[in-house]
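Report on one structure; see the data block that follows.
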There are 2 protein chains.
Amino acid sequence: MSKDIKNIFHKQGLKFTPQRRAVLKVLQDTQAYLSINRIHTKVKELLPGTGLATVYRSLETLVELELAVKVHLEDGCHSYTLAPEGHRHPIVCTDCSRVIEYTECPIQDISKKLSKKTGVLIKTHFLQLFGKCEECRN
Amino acid sequence: MSKDIKNIFHKQGLKFTPQRRAVLKVLQDTQAYLSINRIHTKVKELLPGTGLATVYRSLETLVELELAVKVHLEDGCHSYTLAPEGHRHPIVCTDCSRVIEYTECPIQDISKKLSKKTGVLIKTHFLQLFGKCEECRN
DNA sequence: TTTACAATTGAGAAAGTTTCTCAATTAGGG
DNA sequence: CCCTAATTGAGAAACTTTCTCAATTGTAAA
Ligand SMILES: [Zn+2]
Ligand SMILES: [Zn+2]
Ligand SMILES: [Zn+2]
Ligand SMILES: [Zn+2]
């Protein structure tokens, strides 16, 4: 597993540094959207002394490698989470920010229709669902 | 038309100031996503001397009144556009940032199914489609 | 294992974005 | 035409993100 990820870095001529490892581990261990500052805090628990700029740079790298995704929350803050495998969309609990992935994409089916109808050649889409999870409803 | 909008402000005890008028007009005249700075520039053409903070405040007010919506672009910058009537989703041209609205929402149909499946009571969703418009493909 | 080098890091400066403060101005009801 | 609360402009302040550079460190090759 870790070997695979290591290779993803090495194939791009990138180093698999402790800092990048730590950022990735934080995302893996937290199935939720995390702001930069929360990621920084958690990373420093694993690797004291890690700088904020490094967290920014690591996240940028992880997104380029498609190991993480940048998401957009309504309050305006950018957050990050582990990249889903395959084509998936997140359902986010607005209370606890837990993320549940789901695989049924209703967009792909209608993309072609919409392209014809609107004249816009649709390439990508961004979809997030928001709600309240079971635990938070008690 | 303008009377209606005026009333929306007055019903909330808000003033329909020249600055707010100008911000709204910029959004109305530009069927595209606009960054704060571009809005500020265009507003100053209509109303020289308008401060940046006022643009921020006006946009916040317009969003509260549901006359505008805040959107999220992949490069990270927040932008604004005129609020769509009813439930709609935007198709954004990644070249010219023109916005085409479309009304067929594929999410509402499957919300209930997903709620049962995942245990998350789905309340809202955020959907943006990206592509290349006819003009930009030439 | 050791060496060599390009990639990466931490620290702080710098740039950019958003919010806040407050005196002066103004829209709009009466 | 007043009065008053809402709003504004200007700049400071707070916050977020990027940049710079000397020092460090993974990693491939020897
Ligand atoms: Zn929850
Ligand atoms: Zn999809
Ligand atoms: Zn276009
Ligand atoms: Zn919808």
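Here is the naming used below: chain letters follow the sequence lines, and residue numbers restart at 1 for every chain.
- Tracing side-chain contacts under 4.5 Å through hydrophobic residues (I, L, V, M, F, W, Y), one never reaches B/I110 starting from B/L121; they form parts of separate clusters.
- Ionic pairing of A/E135 and A/R98 is present here: one or more N-O contacts between side-chain nitrogen and carboxylate oxygen are shorter than 4.0 angstrom.
- Nucleotide D/dT7 holds its P atom 15 Å from the CG atom of B/L24, rounded to whole Å.
- Remark: A/H10 is in phosphate contact with D/dA28, judged by side-chain N or O atoms under 4.0 Å from OP1 or OP2.
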Could you please spell out the steps behind the salt bridge (Lys or Arg N to Asp or Glu O under 4.0 Å) verdict for A/K113 and B/E104?
CA-CA 11 Å; A/K113 285 183 198 169; B/E104 291 166 51; over 6 Å; no

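- Rounded to whole Å, the distance from CG on A/L47 to C1' on D/dT25 is 13 Å.
- Counting only heavy atoms from C-beta on, A/L14 has its side chain closest to C/dT8 among C/dT8, D/dG26, C/dA27.
- Atom CZ of A/R20 and atom C1' of D/dT27 are 13 Å apart (whole Å).
- Regarding contacts with the backbone of C/dG10, a side-chain N or O of A/Q19 is found under 4.0 angstrom from either OP1 or OP2.
- Applying the 4.0 Å criterion to OP1 and OP2 of C/dT9, one finds that A/T17 has a side-chain N or O inside that range.
- One atom, CZ of B/R21, and another, C1' of C/dG28, lie 11 Å apart when rounded to the nearest Å.
- Rounded to an integer number of Å, the gap from NZ of B/K44 to P of D/dT8 is 16 Å.
- Looking only at atom types and distance, the side chain of A/H125 has no donor-acceptor partner in the side chain of B/H89 under 3.5 Å away.
- B/Y80 pairs with exactly one of B/V69, B/L59, B/V71, B/L62 by the side chain to side chain contact (heavy atoms under 4.5 Å, CB included) rule, that one being B/L59.
- Ion pairing of B/E60 with B/K70 is absent here, as no side-chain N (NZ or NE/NH1/NH2) approaches a carboxylate O to less than 4.0 Å.
- Nucleotide C/dG28 holds its P atom 14 Å from the CD1 atom of B/I8, rounded to whole Å.
- Residues from residues 51-64 of chain A that place a heavy atom under 4.0 Å from any atom of DNA chain D, listed by number: A/L52, A/A53, A/Y56, A/R57.
- Taking atom NZ of B/K6 as the reference point, atom C1' of C/dG28 lies 9 Å away to the nearest angstrom.
- A side-chain N or O of B/R57 and one of B/T54 form a donor-acceptor pair less than 3.5 Å apart.
- Sequence order on DNA chain D of the closest nucleotides to B/G49 and A/N37 puts B/G49 first from the 5' end.
- One can place CD1 of A/I36 at 16 Å from P of C/dT17, the figure rounded to the nearest angstrom.
- Side-chain proximity of A/F16 to the nucleotides C/dG29, D/dT27, C/dG10 is greatest for D/dT27.
- In this structure, of D/dG9, C/dA7, C/dA27, it is C/dA27 that holds the atom nearest to the side chain of B/K15.
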